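Worksheet: one structure, shown below.
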Protein chains: 2
Amino acid sequence: MINNYELYKVFYWAAKTGSLTQAAKALYLTQPSVSHAIKQLEDSFGLTLFYRNSKGVELTQEGTILYSYIEQSQILITMAEEKMAALKNLDSGELRIGGSDSLFKHYLLPYLEDFHKKHPSIKLHLNHGTTPEVIAFLKEGRIDLGVVRMPIVDSQLEVRESFQLQDCFVAGAQYTELKNMVLTLDMLMEYPVILFSRNSRARMAITEIFQSYGYTLKPEIEVGSVDLLIEFARRGLGISYVTREFVSKELEEGSLFEIQLDVPLPPSQVGIMTMRNMPLTSAARRFIELAQ
Amino acid sequence: MINNYELYKVFYWAAKTGSLTQAAKALYLTQPSVSHAIKQLEDSFGLTLFYRNSKGVELTQEGTILYSYIEQSQILITMAEEKMAALKNLDSGELRIGGSDSLFKHYLLPYLEDFHKKHPSIKLHLNHGTTPEVIAFLKEGRIDLGVVRMPIVDSQLEVRESFQLQDCFVAGAQYTELKNMVLTLDMLMEYPVILFSRNSRARMAITEIFQSYGYTLKPEIEVGSVDLLIEFARRGLGISYVTREFVSKELEEGSLFEIQLDVPLPPSQVGIMTMRNMPLTSAARRFIELAQ
DNA sequence: CAGGAGCTATAGACCACGTCTATGATCAAC
DNA sequence: GTTGATCATAGACGTGGTCTATAGCTCCTG
């Protein structure tokens with residue numbers, strides 16, 4: 001019917017201000033333009049929308065009916081524009097991050113706090129899961145970004161290196177004799193080793209390292225959380241393979257110490273994953289910026 | 001913010017159909033135009049609204065939020081356009097008529113019925129009042145048109161002559177002796193005359209006529225409704241001055257007869273009044289068309 | 001009553017911008 | 001590899017929305 005919705009904006013302001021001249025000012029147009037626009041509307045409806053008098057204009061019965069619809073419509077558009085501006089300014093919106101519980105707890109927390117302080121109106125949604133689960137979340141569009149250990153090889157994903165973590169073996173008071181020694185892998189395997197459950201990325205990594213030296217690493221105990229890994233080591237149940245940064249408190253206070261090995265353990269990189277060629281929300285872009 | 005609301009229409013269709021190509025078809029545009037429009041929106045918000053893939057497009061988080069507003073807005077506009085079309089086609093709307101009760105009851109009824117049959121969806125509002133009241137209603141915008149006796153002299157009003165009425169004196173069985181006589185005003189004044197209340201237009205008219213012949217007409221009885229005027233005459237309380245068309249039933253059945261005078265009583269014209277230079281609703285225009 | 005200050009309507013010119021065609025790039029399916 | 005979708009880009013075109021200038025009207029004021 002009407003092939004130019006701009007006319008409704010003009011109509012809205014004309015009706016609202018009761019004056020074509022005022023409407024023109026509000027819209028940064030000239031009065032004849034507004035006059036012309038209203039005429040177009042009236043012609044295409046075949047109805048008169050305004051009474052014109054020397055003081056301005058007034059809605060006719062039919063104009064009043066039109067206004068009741070258009071007013072709502074214009075208000076919605078205004079709200080939409082305000083909302084978009086808020087999203088842009090990070091005054092609104094949400095950020096959905098996927099990652100492992102331990103990464104959230106031990107490492108991402110300061111970044112999350114920082115982000116939340118800077119942009120308190122953005123709702124944070126944290127979804128924990130294993131690396132494959134996080135990748136699946138990403139592909140399903142359920143999270144905006146995932147934080148996992150590298151390497152990730154998936155052509156659909158774009159991975160930014162964020163920070164390095166160093167895994168290491170730690171033990172508690174029971175094994176004080178090892179404190180100032182440099183162990184060979186041979187020696188290490190004499191002790192009971194505690195590892196994270198089979199499907200974890202860190203577990204696979206260390207198993208491969210041992211294999212590359214010709215050893216098969218078999219854990220005495222397998223646990224399902226980083227907290228248990230730490231707790232078991234503290235109680236002297238064995239030597240745990242953990243991320244050094246996750247036990248920094250225990251290392252400082254001396255309840256755990258790091259076993260020195262004669263071979264280097266390669267550091268593991270944590271990466272922030274996003275979908276390749278998919279636009280990011282403002283919030284996601286901002287978070288990545290802060291986390292790098 | 002956005003200085004072209006057309007873009008929202010394009011966005012709406014793109015989001016609704018999930019395809020720029022489909023949106024282009026729906027809007028009778030080419031695909032590049034739609035692509036361009038969406039880009040404009042995205043640029044001016046500084047946000048990405050759609051994920052593009054080889055199957056079409058999909059809303060981003062931010063696009064989804066925008067859509068929730070714009071969808072409502074567009075629906076309202078569509079409803080508005082449908083409503084305007086209905087008003088134009090007289091499939092909707094209202095018609096507010098002012099006039100005297102007796103005109104409504106005795107003369108306008110067939111026109112009202114006719115109009116209502118032809119346009120059953122138009123609500124009729126009938127407001128009765130004296131001629132000055134009806135004029136006031138018109139000027140206050142409370143009615144679309146008024147139906148009153150001419151002449152009306154008011155530069156703000158436009159009056160269309162509609163139909164003629166003939167006032168006359170009638171009497172009942174008590175005065176059968178006058179049935180086949182032609183009376184002079186002199187003779188008439190020997191009888192008790194029943195008139196409508198002082199402020200009525202018909203009353204003023206007949207008083208003036210008598211005065212122009214040198215007589216002062218003083219009624220025996222004054223009543224406030226046409227029905228009473230008729231009833232009193234039937235009961236033989238006097239000779240009533242009524243509009244002939246309003247007593248056509250009584251004249252036919254013989255319960256009243258018309259007094260013949262030796263001077264002509266000028267006919268009175270009924271006019272349909274509207275505000276001069278004020279646009280009429282479609283319904284009002286249509287009614288006037290039918291009533292002429 | 002003349003003159004001024006509002007208001008809206010009309011006429012005509014101009015140029016930005018929205019639309020088009022043509023083509024490229026990418027992806028999925030066969 | 002080829003075909004047939006999709007959206008993006010480039011550049012040309014022309015229309016329609018905006019402008020200036022002016023007229024017409026009503027109301028108010030000295």
Side-chain angles (χ1 to χ4, degrees), chain A residues 1-44 47-60 63 139 154-158 275-279, chain B residues 1-44 48-60 63 139 141 154-158 275-279:
Chain A
M1 187 126 191
I2 299 294
N3 66 345
N4 186 353
Y5 282 12
E6 276 301 280
L7 300 182
Y8 289 126
K9 182 160 63 179
V10 177
F11 169 77
Y12 171 67
W13 282 97
K16 189 176 173 179
T17 61
S19 154
L20 303 195
T21 306
Q22 290 307 309
K25 278 179 189 158
L27 295 165
Y28 300 101
L29 292 174
T30 57
Q31 171 269 316
S33 298
V34 172
S35 191
H36 183 56
I38 300 298
K39 194 163 182 48
Q40 271 189 288
L41 263 190
E42 289 183 328
D43 287 350
S44 58
L47 297 171
T48 307
L49 301 173
F50 288 103
Y51 298 120
R52 277 79 164 169
N53 58 51
S54 61
K55 292 188 168 167
V57 295
E58 201 178 338
L59 287 168
T60 61
K139 293 190 177 173
D154 189 319
S155 64
Q156 286 185 62
L157 302 180
E158 181 166 348
M275 293 295 287
R276 182 180 300 280
N277 296 331
M278 288 286 220
Chain B
M1 186 122 190
I2 298 293
N3 67 343
N4 186 352
Y5 282 11
E6 278 300 281
L7 300 182
Y8 289 125
K9 183 161 62 180
V10 177
F11 169 76
Y12 172 66
W13 282 98
K16 190 177 172 177
T17 61
S19 154
L20 304 194
T21 307
Q22 290 307 310
K25 279 180 189 155
L27 295 165
Y28 301 100
L29 291 175
T30 58
Q31 171 267 317
S33 299
V34 173
S35 191
H36 183 58
I38 298 298
K39 194 163 182 47
Q40 270 189 290
L41 264 189
E42 290 183 327
D43 287 350
S44 58
T48 307
L49 300 173
F50 288 103
Y51 298 120
R52 277 81 162 167
N53 57 51
S54 62
K55 292 189 165 163
V57 295
E58 201 179 337
L59 287 167
T60 61
K139 293 189 179 175
D154 189 320
S155 63
Q156 286 185 62
L157 301 181
E158 180 165 351
M275 293 297 286
R276 182 179 301 282
N277 297 331
M278 287 287 219

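Convention: sequence-line order gives letters A, B, ...; per-chain numbering from 1. This structure is a prediction, so every number in the text was calculated from the model and none was measured.
Regarding A:Asp43, its CG atom lies at a distance of 13 Å from the C1' atom of C:dT10, rounded to whole Å. Between the NE2 atom of A:His36 and the P atom of D:dT20 there is a distance of 16 Å, given to the nearest Å. When the C1' atom of D:dG24 is taken as reference, atom NZ of A:Lys55 falls 19 Å away, rounded to whole Å. In this structure, B:Leu29 places its CG atom 11 Å from P of C:dT21, rounding to the nearest Å. Taking atom OH of B:Tyr51 as the reference point, atom P of D:dA8 lies 15 Å away to the nearest angstrom. With rounding to whole Å, B:Lys39 atom NZ is found 15 Å from C:dG18 atom P. Look at CD on B:Gln40: it is 8 Å from C1' on C:dG18, rounded to the nearest Å. One interatomic measurement links the two molecules: CD of A:Glu6 to P of D:dG17, which rounds to 10 Å at whole-angstrom precision.
Listed pair B:Thr30 / C:dT19 fails the phosphate criterion, with no side-chain N or O lying under 4.0 Å from OP1 or OP2. Remark: A:Ser54 is not in phosphate contact with D:dC25, judged by side-chain N or O atoms under 4.0 Å from OP1 or OP2. Remark: A:Asn53 is not in phosphate contact with C:dT8, judged by side-chain N or O atoms under 4.0 Å from OP1 or OP2. Taking 4.0 angstrom as the limit, A:Asn4 places none of its side-chain polar atoms (N or O) nearer than this to OP1 or OP2 of D:dG16. The phosphate of D:dC7 has neither OP1 nor OP2 within less than 4.0 Å of any side-chain N or O from B:Ser35. Distances shown here put every side-chain N or O of B:Gln31 at or beyond 4.0 Å from the OP1 or OP2 atom of C:dC20. For A:Arg52, no side-chain nitrogen or oxygen approaches OP1 or OP2 of C:dC7 to under 4.0 Å.
Listed nucleotides C:dT8, D:dT18, C:dT21 differ in distance to B:Pro32; the shortest reach to its side chain belongs to C:dT21.
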inquiry  = Run B:Tyr8 and B:Phe11 through ring-ring contact (aromatic ring centres under 6.0 Å, His included) and show every step you take.
reply    = CA-CA 5 Å; B:Tyr8 289 125; B:Phe11 169 76; 7.4 Å; no

task = List the steps and the verdict of salt bridge (charged side-chain N to carboxylate O under 4.0 Å, His left out) for B:Glu42 and B:Lys39.
result = CA-CA 5 Å; B:Glu42 290 183 327; B:Lys39 194 163 182 47; 5.8 Å; no

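Residue pairs meeting the side-chain hydrogen bond (donor to acceptor under 3.5 Å, both in side chains) criterion with at least one partner in residues 23-32 of chain B, sequence neighbours excluded, are B:Thr30-B:Ser33.
Taking every heavy atom of residues 13-28 of chain A and every atom of DNA chain D, pairs under 4.0 Å involve A:Tyr28, by number.
To the nearest 0.5 Å, atom CD of residue A:Glu58 and atom OH of residue A:Tyr51 are 8.0 Å apart.
For B:Lys16, the side chain to side chain contact (heavy atoms under 4.5 Å, CB included) partners at least two apart in sequence or on another chain are B:Tyr12, B:Trp13, B:Tyr67.
Side-chain atoms of B:Thr17 come within 3.5 Å of backbone N or O of B:Ser19 as a donor-acceptor pair.
Among all heavy-atom pairs drawn from A:Glu6 and B:Tyr5, the shortest one is OE2-N, 2.5 Å.
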